[in-house]
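Each residue takes its place number in the sequence, starting with 1.
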Amino acid sequence: MPPSKVSIAHHYHERTKYDPETIASKSKGLDWSQQPSPFKEYKIGKAFDLKSYLMEQVDTPKDGEFQQWQRLSQLFLCSYGLTAKVVSVFGDPIYFRAAPSAGGLYPAEIYLISRGTSILPPGLYSYQPQSHALFRFWDDAVWQDLQAACFLSPILEETELAVVTTAVFYRSAWRYEDRAYRRIFLDTGHLLGNIELAGAMNGYRPHLIGGFHDEALNKLLYLDDSKEGAIAVLPLVDLELKKNPPAKGLQIAALPSATRTDFPELPDGGLLRYFHQATQIEKWEQLTSPTQSEAETSLEDKYNFPFCLKIPMQIASIDLHGLEKTILKRRSTRAYTGENLSLEELKTLLHFTYQPQDYEEQGFDRAPDYFDLSLLETFVVVLGVTGLEEGCYYYAPKAQELRQIRFKNFRQEVHYLCLGQDLGRDASAVVFHTADLQRAIARYGDRVYRYLHMDAGHLGQRLNLAAIHLDLGVSGIGGFFDDRVNEVLGIPTDEAVIYITTLGRPRSQ
């Protein structure tokens with residue numbers, strides 16, 4: 001499309017790029033007195049305590065009701081529960097959660113909508129991580145309103161519970177300004193990854209809905225949509241109650257929005273909010289579902305560079321026993337030693353992330369919901385992997401192989417591209433998730449920017465958990481010199497960088 005007719009998603013992406021020549025002028029000092037609270041509280045309602053169901057109690061009969069509460073308690077704890085507490089230099093407590101968040105700002109909120117079950121009366125519930133409780137702040141039936149807001153998605157006829165994730169925008173914008181929108185959806189992707197795995201461990205199958213009537217869903221949850229907005233809906237199919245659970249794909253995860261090219265000049269600080277409003281779905285006539293893309297139906301991966309070195313990456317699946325403990329002990333690595341990973345370790349990390357079908361026998365979903373993985377590509381920069389030549393590779397998930405596109409030790413370059421963060425310099429391997437924005441917007445409109453970042457965050461969280469499970473280090477990076485990545489590493493110029501995950505051997509803290 002011509003430069004004068006770029007969409008708001010393209011415009012947002014270009015405006016929020018980091019560039020070495022301008023990043024210093026855009027950096028502003030943080031006003032710590034204005035840092036928002038990472039918790040949302042309600043004054044009126046009823047709390048349902050979940051803490052008492054976390055530990056096995058010998059004297060408590062394990063009837064059906066207890067087990068239902070225990071499963072819900074574990075689901076929320078492993079999705080977004082508090083996992084650690086430290087004291088800041090100012091003496092204030094800092095809490096860590098099961099899902100990672102850029103800057104530890106935690107913009108996401110989680111709500112539970114009940115149609116009415118044996119333990120949860122109909123109504124709206126807020127998950128309160130600081131007390132590990134569900135707070136019922138609305139005690140009336142709203143399921144029909146949820147169905148209407150989700151355009152009568154058929155999966156909601158098969159379920160009694162639905163999780164809704166939202167974002168409190170200023171929690172991230174306080175630090176990252178307009179670029180916070182990227183990080184908000186990456187953080188939501190981390191959370192979606194946790195909900196998927198926590199659901200599998202506790203007998204729930206989350207079905208992902210990202211296309212909904214934004215205004216209606218915000219009103220249903222009584223949100224001030226100038227501050228907080230609904231991001232994703234996950235109806236929970238209870239696999240212990242459903243003898244014949246609905247098939248995957250009963251609902252469409254991603255629906256298109258309009259593509260807006262007639263937007264005004266927007267000041268710094270006003271871009272994030274405008275972009276979110278512009279990507280909302282409002283009218284029924286927009287809901288023409290995209291047909292399957294060639295990438296989805298093709299048996300080939302997108303890139304097959306001529307004469308490139310190809311490394312097979314097939315490997316046996318790892319034992320995921322104890323994954324719950326892995327989720328709860330997860331921490332973003334602060335520093336790496338610079339020592340090598342083994343090729344087997346890198347294979348295992350990629351295998352768990354991209355080959356979920358091989359973990360079905362362990363009780364996990366063979367095909368977890370994403371919005372559209374055919375729009376994301378993966379490149380791996382090898383800095384120190386024993387048995388693998390240094391350089392930049394394309395990871396082909398269908399063929400399960402690495403295809404080398406540039407021979408070089410990129411340690412200094414990656415350090416520079418990651419804004420001088422030592423994590424980029426000392427890592428053993430760095431994973432880049434990218435997308436062809438023009439192709440993605442043509443398929444789903446401007447709303448695809450949400451889908452791309454949530455899917456990349458979801459993949460990043462699987463990398464996170466696989467690394468922690470293997471006692472390796474891992475840390476996501478959302479700040480980088482966008483355009484320089486493609487130039488330096490040889491990644492095709494059509495590919496916009498969405499997310500970076502660093503992997504290595506953790507330095508003792």
Side-chain angles (χ1 to χ4, degrees), residues 71 74-75 77-79 98-100 163 189-208 234-240 242 245-250 253 296 299 301 311-330 341-374 376 378 380 395-402 429 431 433 454-472 474 476 499 501 503:
R71 290 164 57 216
Q74 295 288 353
L75 173 71
L77 179 68
C78 291
S79 296
V163 168
H190 300 148
L191 179 54
L192 296 179
N194 269 7
I195 292 173
E196 177 236 317
L197 292 168
M201 290 186 290
N202 291 283
Y204 293 102
R205 205 298 184 178
H207 289 255
L208 183 58
L234 296 107
L236 298 176
V237 173
D238 192 329
L239 300 178
E240 296 196 4
K242 289 280 184 182
K248 172 182 165 56
L250 189 59
E296 285 180 298
L299 298 177
D301 296 283
I311 310 297
M313 298 299 284
Q314 292 89 344
I315 195 171
S317 58
I318 57 173
D319 182 1
L320 293 181
H321 178 74
L323 185 61
E324 177 184 324
K325 292 181 179 179
T326 299
I327 292 176
L328 297 179
K329 75 176 184 179
R330 183 217 57 80
L341 295 181
S342 70
L343 178 56
E344 294 297 296
E345 287 170 327
L346 181 59
K347 285 182 177 181
T348 301
L349 295 172
L350 295 175
H351 184 266
F352 174 73
T353 303
Y354 294 93
Q355 311 301 330
Q357 71 279 358
D358 291 344
Y359 293 86
E360 184 180 17
E361 291 184 0
Q362 296 188 46
F364 293 91
D365 197 336
R366 67 171 284 107
D369 281 3
Y370 290 89
F371 294 104
D372 192 338
L373 279 188
S374 75
L376 284 178
T378 303
V380 182
Y395 176 66
K398 294 177 181 177
Q400 293 193 52
E401 63 186 19
L402 286 177
V431 177
H433 287 118
M454 285 190 279
D455 278 350
H458 189 160
L459 291 171
Q461 182 63 354
R462 290 185 73 94
L463 281 171
N464 253 281
L465 295 176
I468 299 302
H469 200 68
L470 297 177
D471 293 323
L472 301 175
V474 58
Y499 195 25
T501 302
L503 302 158

One should read off an interatomic distance between Lys347 NZ and Glu401 CD, to the nearest 0.5 angstrom, of 11.5 Å

Reported CG-to-CD distance for the pair Leu470 and Glu344, which is rounded to 0.5 angstrom
11.5 Å

Would you indicate whether the side-chain heavy atoms of Gln461 and His458 approach each other to under 4.5 Å?
no

Which atom names give the shortest non-hydrogen contact between Asp301 and Ala399, and what distance separates them?
OD2-N, 3.0 Å

Please test Arg205 against Asp369 for side chain to side chain contact (heavy atoms under 4.5 Å, CB included), starting from the C-alpha separation and ending with a verdict.
CA-CA 10 Å; Arg205 205 298 184 178; Asp369 281 3; 3.1 Å; yes

Hey, are the side chains of Leu373 and Tyr354 touching, using non-hydrogen atoms and a 4.5 Å cut-off?
no

After noting the C-alpha distance and the side-chain angles of Asp238 and Arg71, does the key distance pass the side chain to side chain contact (heavy atoms under 4.5 Å, CB included) rule?
CA-CA 10 Å; Asp238 192 329; Arg71 290 164 57 216; 2.7 Å; yes

Considering non-hydrogen atoms only, spot the tightest contact between Pro368 and Glu196 and give its length.
CB-CD, 3.3 Å

For Asp471, which residues count as a salt bridge (Lys or Arg N to Asp or Glu O under 4.0 Å) partner, sequence neighbours excluded?
Lys329

Before you tell me yes or no, could you show the steps for Asn464 and His190 under side-chain hydrogen bond (donor to acceptor under 3.5 Å, both in side chains), namely the whole-Å CA-CA distance, both residues' side-chain angles and the distance that decides it to 0.1 Å?
CA-CA 9 Å; Asn464 253 281; His190 300 148; 5.1 Å; no

Leu346 and Leu402: CA distance, side-chain angles, deciding distance, side chain to side chain contact (heavy atoms under 4.5 Å, CB included) verdict:
CA-CA 11 Å; Leu346 181 59; Leu402 286 177; 4.3 Å; yes

Would you say the side-chain atoms of Gln362 and Glu360 include a donor-acceptor pair closer than 3.5 Å?
no

Between Asp455 (side chain only) and Asp372 (backbone N and O only), is there a donor and an acceptor less than 3.5 Å apart?
yes

With rounding to the nearest 0.5 Å, note down the distance linking CG in Asn194 to SG in Cys78.
7.5 Å

Counting C-beta onward and ignoring hydrogens, is there a side-chain heavy-atom pair between Arg462 and Pro356 closer than 4.5 Å?
yes

Among Asp319, Thr326, Thr348, which residue satisfies the side chain to side chain donor-acceptor pair (under 3.5 Å) criterion with His469?
Thr326

Can you tell if the side chain of Leu349 reaches within under 4.5 Å of the side chain of Val474, non-hydrogen atoms only?
no

Backbone N or O of Ala198 within a donor-acceptor pair of the Glu324 side chain at under 3.5 Å?
no

As a test of understanding, state which of Leu197, Ile195, Asn202 forms a side chain to side chain contact (heavy atoms under 4.5 Å, CB included) with Ser79.
Ile195

dist Glu240:CD -> Tyr204:OH (nearest 0.5 Å) comes out at 7.5 Å

Donor-acceptor under 3.5 Å (Gln400 side chain, His351 main chain)
no

Specify whether Tyr359 and Phe352 have parallel, tilted or perpendicular ring planes, treating 30° as the upper limit for parallel and 60° as the lower limit for perpendicular.
perpendicular

Positive for side chain to side chain contact (heavy atoms under 4.5 Å, CB included) with Thr378, one of Val431, Thr501, Leu463
Val431

Does some side-chain heavy atom of Pro206 sit less than 4.5 Å from a side-chain heavy atom of Val163?
no

Are the side chain of Asp365 and the backbone of Ala200 linked by a donor-acceptor contact shorter than 3.5 Å?
no

Go through Ile327 and Leu77 one step at a time and tell me if the side chain to side chain contact (heavy atoms under 4.5 Å, CB included) criterion holds.
CA-CA 9 Å; Ile327 292 176; Leu77 179 68; over 6 Å; no

Side chain to side chain, Leu323 and Phe364, heavy atoms closer than 4.5 Å:
yes

Does Lys242 have more than 12 heavy atoms from other residues, nucleotides or ligands lying within 6.0 Å of its NZ?
yes

